[in-house]
Amino acid sequence: MTNTNKTISTHIPGFPRIGAARELKFALERNWRGELSDAELEDVGRDLRARHWALQRDAGLDLVTVGDFAFYDQVANHIQLLGCEPGRYGFQPDQPQLGRYFTMARGRSGSADHDAGCGCGAHDADALPAAAALEMTKWFDTNYHYLVPEFTPDTAFALACERLFDEVAEAQALGHAVKAALIGPLTFLWLGKTKADGFDRLSLLDKLLPVYGQILDRLKAQGVQWVQIDEPILGLDLPAPWRSAFENSYWQLNQVGVPLLLATYFSPLEENLSLACRLPVAGLHVDGVRAPQELTSIADWLPVHKVLSVGIVDGRNIWRTDLDAALTVLQPIVDKRAGKLWLSSSCSLLHVPFTLAAETALDAETRSWLAFATEKLAELKTLKQALHAEAGADAALATSRAAIASRRASPRVHQQAVRDRLAHLPAGADQRRARFAERQAAQRARFRLPNFPTTTIGSFPQTPAIRAARASFKRDDLSLTDYEAAMRAEIADAVQRQEALGLDVLVHGEAERNDMVEYFGEQLAGFAFTQHGWVQSYGSRCVKPPIIYGDVSRPHAMTVNWTVHAQSLTGKPMKGMLTGPITILQWSFVRDDQPRARTALQIALAIRDEVADLEQAGIGIIQIDEPAVREGLPLRRSRWTEYLDWATHAFRVSASAVGDATQIHTHMCYAEFNDILPQIAAMDADVITIETSRSDMELLNGFGQFRYPNEIGPGVYDIHSPRVPDRQEMVRLLHKASAVIPPANLWVNPDCGLKTRGWVETESALRNMVAAAHQLRAIY
Ligand SMILES: CN1c2c(nc(N)[nH]c2=O)NC[C@@H]1CNc1ccc(C(=O)N[C@@H](CCC(=O)N[C@@H](CCC(=O)N[C@@H](CCC(=O)O)C(=O)O)C(=O)O)C(=O)O)cc1
Ligand SMILES: N[C@@H](CCS)C(=O)O
Ligand SMILES: [Zn+2]
C-alpha cells in the first residue's frame, strides 16, 4: 500500500514566534519601557529564530521557514520590506528602522502615545508630530490582528529593508535548507486600505510587482531552496479584476527563476481552483483541513511537474491528527504526484500554542488528545515516515491510534443531560416574551435613566497589582480568601470611581477575570485550560484560548457573587457582564467531532442559566458580549446564511430567558458590521454598544440607513490609545450619531473595555465623556 520510491518532503507555512515562554513578549515590553536596548531585542529575536529553526530541523522537516518572524506583525514587516511606510509618519531616512516600525505599530504623540504597559516615552525624543498607529484588524477569520497597510494613489514601493535577507543568511549560516516566506503581492494589496474616493488599490500592482521581482532576485542570489508566497485571498470571493491579476503577476514573478510555492489556506479555492492550479509557479500549497473535498481535484488538475503541498495537519486547532485518516487521504495523492508531494500544516502554526511539554497540570487523558505546534512537527514526520513505509512510524502511529480511540470513547466527552436538554429545547426559547417597544417601555419605567445614558463596556484597568495578586494566587502564595478579598476591594474601588464620575449604569470592572473567554472556560464543564498555551493576538499581547473537548454545561453560577457584591455598593444599576456563546466558541479551540453550531448552542444554554441567575439575584441590566460574531463569518459568502442563522439563534437562546423589564445589552468591536446588520438586529438585544469612534462614526451610518430598531451606544472614544479625548470631540461624534439614530435611542460609552488602559487616562476620558453626555442632554 505504501510507496517507497516516491520521496515526500515536509515543511510548515510558519511557526509561532512568541517563544515557548513568551520570551518575545517580555523582551518587547522591556524594550518599550526602555529597559532593553534595540540591539538586545535583536539578540532575543535571533535566538528565538535559531531555536525555532532547530526545532523544525530536529523534527525532520526538509526545509525551515524564514520570514515568519516579526517583532510585531508580519504584515508590518512587509510594509517596511516594500518601502511603503505611510507618509503621514514623516519618517526621515536616517531614522532607525526598528523605531519606525514600532511607531507604525503603536503610534506616536507629543506626550506618550503607546499601548498600556509601556510607559517608555521613547518615541517622543524625535519631536515629530503626533501620529496614530496603523489600524489593526483581524487576519482573515482568526483571532490574530495585523496592521493594515495604507495606500494612496501616490504610494510608491521600493526594496527598503534588509531584515528578510539577513534572516535568510542567519538560517543558512546555521546550516539549514531555507524556504523563505512572503505575503504575496495581491494579498498584500487586498489587506490594505485606502481613503481616497474611487481609488482602486489594485492599480498599485504594476508599481509593486517590480519590487517583488527584486526581492526574489535577492533570495535567488542567496541560494534559498524555495520561496513560499502566501496568497490566502484565493480562498475568498474575489472580484473579477483581482482574479485576473493573478496570472500576469505570477508570470512576471516566475521569470526570476527561483522556485515559488504559492500558499493558500483557511478556505476552499472553489472557483479559483483551476486558476491556482495553472498559475506559473513551481508548487501549490492547499489547506487540506478546511477544504479536504478539493484535494482530489487539485491532485488531478495540478500539472504533474508541480509540487503539491498538502496542509494535512490542522494549523488552526490543537487536536492530535488522526494519522490513519490522514494516511487514507494522502495515499491516493502519493500515487498521483510521483515525487512531487509535500506534507505540511494547513496554515502557519502561529495560531496554536508552542508546546504541550509545558502543560504539566493537564490530565494525562486530555493531554494525549492534543498536539500544539511542536507536536504537530512530529506528526508531519510520522506521516512522512509512514508513507515512505519506514518502520520508525509504527510506534507513533500506535500512540496516535490509541489517543484517537480514547477521545472518541471517553465518557467525559459526552453528557447525556446536555444532549437531552438540547433535544428538548422548547420552541420559542430564543424569543423574548414581548416585542422591543414593550420591553423598552418597561425598562424605561424601571430604570428611569436620563437621555444619553452613560456606561462603559465592562473592564477597567487590569493593573499590575491585580495581575500580581492573581499570579500569587495561582502560585499558591495567596490564599483563595485573600485573593477574593483583594478582587472585592478592586471592585469596590471601581464602583467608587464610577460613582464619582457620575456614570449612569455601572460595571464591576472584571478585575477577577484573566480574560473574557478563558475566565468562563475555566468554570464551564466540557472545557480544559492550559497553563502556558499562549497564542499571539497582536504585538506583544497574547491570549490563552480554552479547549472545548466535551459537552458544555455550567456546574455553578460564574459571575453572580461578584456582580451582587458590586450592586450592593451602589444605588445605580450594576450591569452584569457575560461573554456570549459565539465569542466563547470563536476564541476557544473547539472540538472537531460535532458541528460548531451544536457546541455554540450548548454554551448558549450555560450562559442562559447565568443570565437567569443574575436576574434572579436582582441584576436588571445584563450585557452579553459578542465581539467575535463578525469574525466568525465564513470566508465564503455562500456559507454566511447558515452561520448567521445558528449564531443569532445561539445568542438569542442565551439572552431570552428574562422578563421584559430586564435589559439585555450586547457589545461588538474589531469589525465592520454593516454587511450583517439584519442579523445583528435579529439578535434583538435591547441595547448594542459598538466600536465606532475610529471610523469617526462612519460605521453608524449603516445602522441609521437600516433603521436599526433597538437602542445603540456608538463608541465615542478609542480605547486603544492612552490619548484622552476632550469633551468637544465626543460632543461632535454624538451630534453625528444623533443625525442618523433617534437621539432617544442613543447611549454614551467608549468603544470597548478599558482593561489595557491605566486609571489616570481612563478617569480623565470618562470625565469628559460624562460631560459630553450632559451637554447633549441640554440640547436634545
Ligand atoms: C478583546 N480581545 C480579546 C480577544 N481574545 C480574547 N480571548 N480575549 C480578548 O480580550 N481578541 C480580540 C481582542 C484582543 N485584545 C487583547 C487585549 C489584551 C490582551 C492582553 O492583555 N493579554 C495579556 C494576558 C491577559 C491574561 O490572560 N492575563 C492573565 C495572566 C497574566 C500573566 O501573563 N501573568 C504572568 C505573571 C504576571 C505577574 O504579575 O506576575 C504569568 O502568568 O506568567 C491574568 O490576568 O491572570 C498579555 O499580557 O498578553 C490580549 C488580547
Ligand atoms: N466586557 C469586555 C468586552 C471586550 S470586547 C471588556 O470590557 O473588556
Ligand atoms: Zn470590545
Side-chain angles (χ1 to χ4, degrees), residues 18 21-26 28-29 115-118 136-139 142-145 351 358 455-475 477-478 483 487 490 494 507-522 529-546 559 575-580 582-589 622-632 665-671 673 688-694 713 715 718-720 749-757 762:
I18 202 77
R22 286 181 295 158
E23 294 91 330
L24 183 58
K25 170 194 174 63
F26 299 118
L28 283 167
E29 291 174 359
D115 205 346
C118 170
M136 266 192 329
T137 198
K138 292 285 167 108
W139 176 250
T142 73
N143 197 6
Y144 175 79
H145 308 64
H351 310 289
T455 192
T456 60
I457 305 304
S459 59
F460 276 123
Q462 281 271 332
T463 59
I466 294 176
R467 291 259 159 94
R470 189 155 37 251
S472 300
F473 169 56
K474 287 198 170 157
R475 282 195 306 268
D477 291 345
L478 192 68
Y483 171 67
M487 293 303 114
E490 293 289 347
V507 296
H508 79 290
E510 304 181 26
E512 81 290 2
R513 300 185 188 177
N514 44 6
D515 172 75
M516 59 184 283
V517 166
E518 195 185 359
Y519 178 76
F520 290 95
E522 284 176 355
F529 48 93
T530 64
Q531 289 167 288
H532 307 282
W534 294 100
V535 177
Q536 194 176 7
S537 181
Y538 67 88
S540 70
R541 299 282 178 181
C542 300
V543 293
K544 202 142 46 73
T559 63
K575 184 162 58 164
M577 193 58 56
L578 303 173
T579 304
I582 303 305
T583 299
I584 292 184
L585 184 85
Q586 199 61 29
W587 292 352
S588 299
F589 291 119
I622 301 166
Q623 179 171 309
I624 307 174
D625 289 324
E626 283 292 23
V629 163
R630 175 65 177 79
E631 96 198 28
H665 290 217
T666 191
H667 162 72
M668 296 185 188
C669 50
Y670 302 106
F673 303 108
I688 181 169
T689 55
I690 48 167
E691 175 184 320
T692 40
S693 81
R694 281 200 292 184
D718 177 15
I719 56 82
H720 295 94
N749 44 263
D751 265 348
C752 183
L754 295 156
K755 64 187 168 199
T756 57
R757 302 269 57 93
T762 294

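Counting starts at 1 for both ligands and their atoms, following the listed order.
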Side-chain donor/acceptor of R22 to backbone N/O of S540, under 3.5 Å: no

Shortest protein contact, atom 8 (O) of ligand 2 (heavy atom only): S459 OG, 2.7 Å

Min side-chain heavy-atom separation F589-V535 under 4.5 Å: yes

Under 4.0 Å to a heavy atom of G753 - the qualifying atoms of ligand 2, by number: 6 (C), 7 (O), 8 (O)

Rounded distance (nearest 0.5 Å) linking atom CD1 of I466 with atom OH of Y483: 8.5 Å

Where ligand 1 meets K755 - atom numbers and elements under 4.0 angstrom, heavy-atom basis: 9 (C), 10 (O)

Validation row: F520, P546 side chains within 4.5 angstrom (heavy atoms): no

Heavy atom of the protein closest to atom 4 (C) of ligand 2 (residue, atom name, distance): M516 SD, 3.4 Å

A468 neighbourhood, listing ligand 1 atoms whose heavy-atom distance to it stays under 4.0 Å: 39 (O)

Numbering as shown, the atoms of ligand 2 that approach C752 to under 4.0 Å (heavy-atom distance): 4 (C), 5 (S)

Distance in Å, L585 CG paired with T579 OG1, rounded so as to fall on 0.5 Å steps: 13.0 Å

Atom 30 (C) of ligand 1: nearest protein contact (heavy atom, Å): W534 CH2, 4.0 Å

Shortest reach to atom 25 (C) of ligand 1 by a heavy atom, considering only Q462, M136, R467: R467

Within-shell test, K544 vs ligand 1, heavy atom, strictly < 4.0 Å: no

Within reach of ligand 2, part of P627 (heavy-atom separation under 4.0 Å): side chain

R513 near ligand 1 by a heavy-atom separation under 4.0 Å: no

Atoms of ligand 2, numbered as shown, that sit under 4.0 Å from any heavy atom of C669: 5 (S)

Nearest non-hydrogen protein atom, atom 3 (C) of ligand 2: D625 OD2, 3.4 Å

Ligand 1 atoms in contact with V543 (distance to a heavy atom under 4.0 Å): 5 (N), 6 (C), 7 (N), 8 (N), 50 (C), 51 (C)

Reference residue V507; test side-chain contact (heavy atoms from CB on, under 4.5 Å); the match among L754, T456, I457: T456

Residue selection (non-hydrogen contact nearest atom 36 (C) of ligand 1) among S459, C542, A471: A471

Nearest protein heavy atom under 4.0 Å from atom 34 (N) of ligand 1, yes or no: no

Ligand 1 to N514 polar contact by distance, N or O atoms, under 3.5 Å: yes

For ligand 1, the portion of R470 having any non-hydrogen atom under 4.0 Å away: side chain

Sub-4.5 Å side-chain heavy-atom contact between E518 and V543: no

Main-chain N/O of I688 paired to T666 side chain as donor or acceptor, under 3.5 Å: no

Protein heavy atom at shortest distance from atom 21 (O) of ligand 1: R541 NH1, 2.9 Å

Numbered atoms of ligand 2 (with element) below 4.0 Å of M577, judged on heavy atoms: 1 (N)

Per-atom contacts, ligand 1 versus K25 - under 4.0 Å to a heavy atom: 47 (C), 48 (O), 49 (O)

Donor-acceptor pair, side chain of Q462 and main chain of R513, under 3.5 angstrom: yes

Side-chain touch K25/Q536, heavy atoms, less than 4.5 angstrom: no

Atoms of ligand 1, numbered as shown, that sit under 4.0 Å from any heavy atom of K138: 11 (N), 12 (C)

N/O donor-acceptor pair under 3.5 Å between D751 side chain and S693 backbone: yes

G713 backbone acceptor or donor facing T689 side chain under 3.5 Å: no

Student check: side-chain heavy atoms of D625 and Q623 closer than 4.5 Å: yes

Element-labelled atoms of ligand 2 that are located less than 4.0 Å from some non-hydrogen atom of H667: 3 (C), 5 (S)

Student check: side-chain heavy atoms of T530 and K544 closer than 4.5 Å: yes

Candidate with minimal heavy-atom separation from atom 15 (N) of ligand 1, of W587, Y144, Y538: Y538

Side-chain touch Y144/H351, heavy atoms, less than 4.5 angstrom: yes

Nearest-neighbour protein heavy atom for atom 11 (N) of ligand 1, which is reported as residue plus atom name and distance: N143 OD1, 2.8 Å

Side chains of H665 and K575 in contact at under 4.5 Å (non-hydrogen atoms): yes

Short N or O distance, D515 and ligand 1, threshold 3.5 Å exclusive: yes

Expected output: side-chain E691 to main-chain M668 donor-acceptor under 3.5 Å: no

Heavy atom of the protein closest to atom 1 (C) of ligand 1 (residue, atom name, distance): Y670 OH, 3.3 Å

Pairwise distance OG(S459) to CD1(I719) - rounded to 0.5 angstrom: 7.5 Å

Nearest-contact summary for atom 43 (O) of ligand 1 - protein heavy atom, Å: R22 NH2, 3.2 Å

Atom indices of ligand 1 within 4.0 angstrom of S537 heavy atoms, with elements: 14 (C), 51 (C)

Ligand-residue contact atoms, ligand 2 with I457, heavy atoms, under 4.0 Å: 1 (N), 7 (O)

Test item, E510 contacting ligand 2 (heavy atom, 4.0 angstrom): yes

Name of whichever N/O/S atom of H667 is nearest to the Zn ion (ligand 3): NE2

